[in-house]
There are 2 protein chains.
Amino acid sequence: MRAKKQARQSELQRVLDSNPFLTDEALAAQFGVSVQTIRLDRMELGIPELRERVKLVAHESYAQIRSLSEQELIGQLWELELGVKGVSVLDVTMDMIFAKTKIMRGHHLFAQANSLAVALVDAPVALTAGAEVKFIRPVYPGERLVCTAEVKEKTESRVYVEAVTTSAGNVVFTGKFTIAVVEQNNKEGEA
Amino acid sequence: MRAKKQARQSELQRVLDSNPFLTDEALAAQFGVSVQTIRLDRMELGIPELRERVKLVAHESYAQIRSLSEQELIGQLWELELGVKGVSVLDVTMDMIFAKTKIMRGHHLFAQANSLAVALVDAPVALTAGAEVKFIRPVYPGERLVCTAEVKEKTESRVYVEAVTTSAGNVVFTGKFTIAVVEQNNKEGEA
DNA sequence: TTATAATTAGTACTAGGTGTTAGCATCTAG
DNA sequence: CTAGATGCTAACACCTAGTACTAATTATAA
């Protein structure tokens with residue numbers, strides 16, 4: 001019975017990790033044991049009750065989605081000299097990769113550089129009008145991407161920004177961004 | 001007393017919209033009425049109880065986050081002729097925009113086109129190596145973006161894809177993508 | 001065989017409700 | 001001025017998915 005209990009508990013952990021919305025009753029039925037056994041297992045594993053689990057998921061993912069949509073910059077800002085240069089850092093997580101190859105999806109690299117380029121521009125409204133980007137080598141989860149963006153040229157309506165993203169000192173991405181500075185109701189350029 | 005009730009109910013709606021994690025008791029205290037009054041208000045407004053609200057938030061945002069990270073393609077695929085052309089559609093929602101200007105962030109447009117370009121390539125592993133993109137005009141929430149991507153040229157290790165995104169028939173974005181086809185352990189190109 | 005571990009069962013209690021009935025105060029129309 | 005409608009509060013029984021605890025039963029290994 002020792003091995004059986006061990007197996008059930010690790011399976012329970014696994015099941016609740018992938019689906020936290022199961023009641024003790026449902027779990028008891030699923031495992032063919034009594035509700036009390038499930039409760040004891042949860043106690044031993046330190047897994048909170050259904051309602052607490054649901055509350056946790058709700059709070060966490062609520063906050064996560066809020067921050068995702070409210071986030072003006074992709075990554076964390078490390079340095080910013082408005083109109084001159086900026087540095088941001090992005091840690092590559094499992095939700096940024098291709099499931100098959102475990103390689104980071106290009107648009108996340110683009111997003112980090114693009115949002116930094118836009119943030120760099122010292123104007124009330126700045127929109128990306130165009131970009132030329134190169135993906136130098138694949139990036140994998142766990143890497144820390146440091147993006148450095150510099151203003152190269154300025155005209156009345158355009159700012160040219162060059163960005164370089166490195167991981168542990170190696171360049172993984174470069175981009176040239178043309179940012180449109182919208183004064184009033186200018187129709188050119190886009191975010 | 002009629003106006004008071006109306007005001008309280010619309011305020012209640014607003015409060016619970018922005019924070020669904022409040023108990024009737026907390027709400028009663030906040031509004032200076034009895035718990036029963038809050039319950040009646042909820043009934044009339046069709047607002048479910050705390051636990052149901054939490055469950056909803058949990059399920060919704062859980063699913064949303066899951067789908068965000070599992071999604072291979074940004075947008076919905078409408079047509080796909082592997083190695084030839086593809087069409088995808090993306091509805092612009094509030095979480096894709098700049099808070100200030102309500103204009104869609106560039107990387108979402110990039111992501112739609114880029115993921116379609118990659119999906120188009122008939123190879124086990126395809127990674128974006130480079131891209132040249134133009135943002136023609138600002139895009140706002142509610143618009144439906146139709147992205148059409150076509151393979152223009154093919155070499156042994158590279159596929160050149162051109163993408164055009166339109167909204168209600170007007171071009172809003174164009175992009176030229178160079179996709180690297182990785183055969184074995186080729187180190188060039190990136191997603 | 002017996003000590004120990006694992007499981008099950010039962011009871012009392014909890015939060016955050018629902019559903020219902022009832023008692024008042026207040027307003028409004030006839 | 002009064003009857004009926006509207007709004008607010010209270011009280012009670014019930015629900016779910018638990019916790020906390022005690023006790024009994026079953027399995028197993030020494």
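Keep in mind that the numbers below use all heavy atoms, side chains included, and drop hydrogens, waters and symmetry copies. Below, read A as the first sequence line, B as the second, and so on, with proteins coming before strands; counting in each chain starts at 1.
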How about Glu132(B) and Glu132(A): do any of their side-chain heavy atoms sit closer than 4.5 Å? yes
Whole-Å distance between dC8(D) P and Met43(B) CE? 15 Å
Whole-Å distance between dT16(D) C1' and Glu52(A) CD? 14 Å
For dT7(C) and Arg8(A) - does any side-chain N or O of the residue sit under 4.0 Å from the phosphate oxygens OP1/OP2? yes
Under a 3.5 Å threshold, yes or no: a donor from one side chain and an acceptor from the other, between Gln112(A) and Ser88(A)? yes
Sequence-distant partners of Glu52(B), salt bridge (charged side-chain N to carboxylate O under 4.0 Å, His left out), two or more places apart: Lys55(B)
Is it the case that the base of dA15(C) and the side chain of Arg51(B) share a donor-acceptor contact (distance under 3.5 Å, atom types as modelled)? yes
Restricting both atoms to N or O, compile the protein contacts to nucleotides 8-11 of chain C shorter than 3.5 Å, with distance only.
| residue | atom | partner | partner atom | Å |
| --- | --- | --- | --- | --- |
| dT8(C) | OP2 | Ser34(A) | N | 2.8 |
| dT8(C) | OP2 | Ser34(A) | OG | 3.0 |
| dT8(C) | OP2 | Thr37(A) | OG1 | 2.4 |
| dT8(C) | O5' | Ser34(A) | OG | 3.4 |

Here's one to test your reading of the geometry: is the NZ or CZ of Arg53(A) within 45 degrees of the ring axis of Phe21(A) and under 6.0 Å from its centre? no
Looking at Glu25(B), I'd like to know if its CD atom is crowded, meaning that more than 12 non-hydrogen atoms belonging to other residues, nucleotides or ligands lie closer than 6.0 Å. no
Please report the distance, rounded to the nearest Å, between CD in Glu25(B) and P in dA10(D). 12 Å
The side chain of Lys5(B) is closest to which nucleotide in this list: dG18(D), dG7(D), dA15(C)? dG7(D)
Side chain of Glu49(B) only, heavy atoms from C-beta on: which candidate in dG18(D), dG17(C), dC8(D) is closest? dG17(C)
Value in whole Å for how far the P atom of dG17(C) lies from CZ of Arg42(B): 6 Å
Sequence neighbours excluded, the answer for ring pair (Phe, Tyr, Trp, His ring centres under 6.0 Å) partners of Phe177(A) is Phe110(A)
For Thr166(B), all residues meeting side-chain contact (heavy atoms from CB on, under 4.5 Å), sequence neighbours excluded: Val146(B), Val164(B), Val171(B)
Those residues that, when tested against Phe31(A), pass ring pair (Phe, Tyr, Trp, His ring centres under 6.0 Å) (two or more places apart): none
Value in whole Å for how far the C1' atom of dA5(C) lies from CD of Gln6(A): 12 Å
With five pairs defining each end axis, the helix from dT1(C)-dA30(D) to dG30(C)-dC1(D) comes out bent, to 10°, by 10°
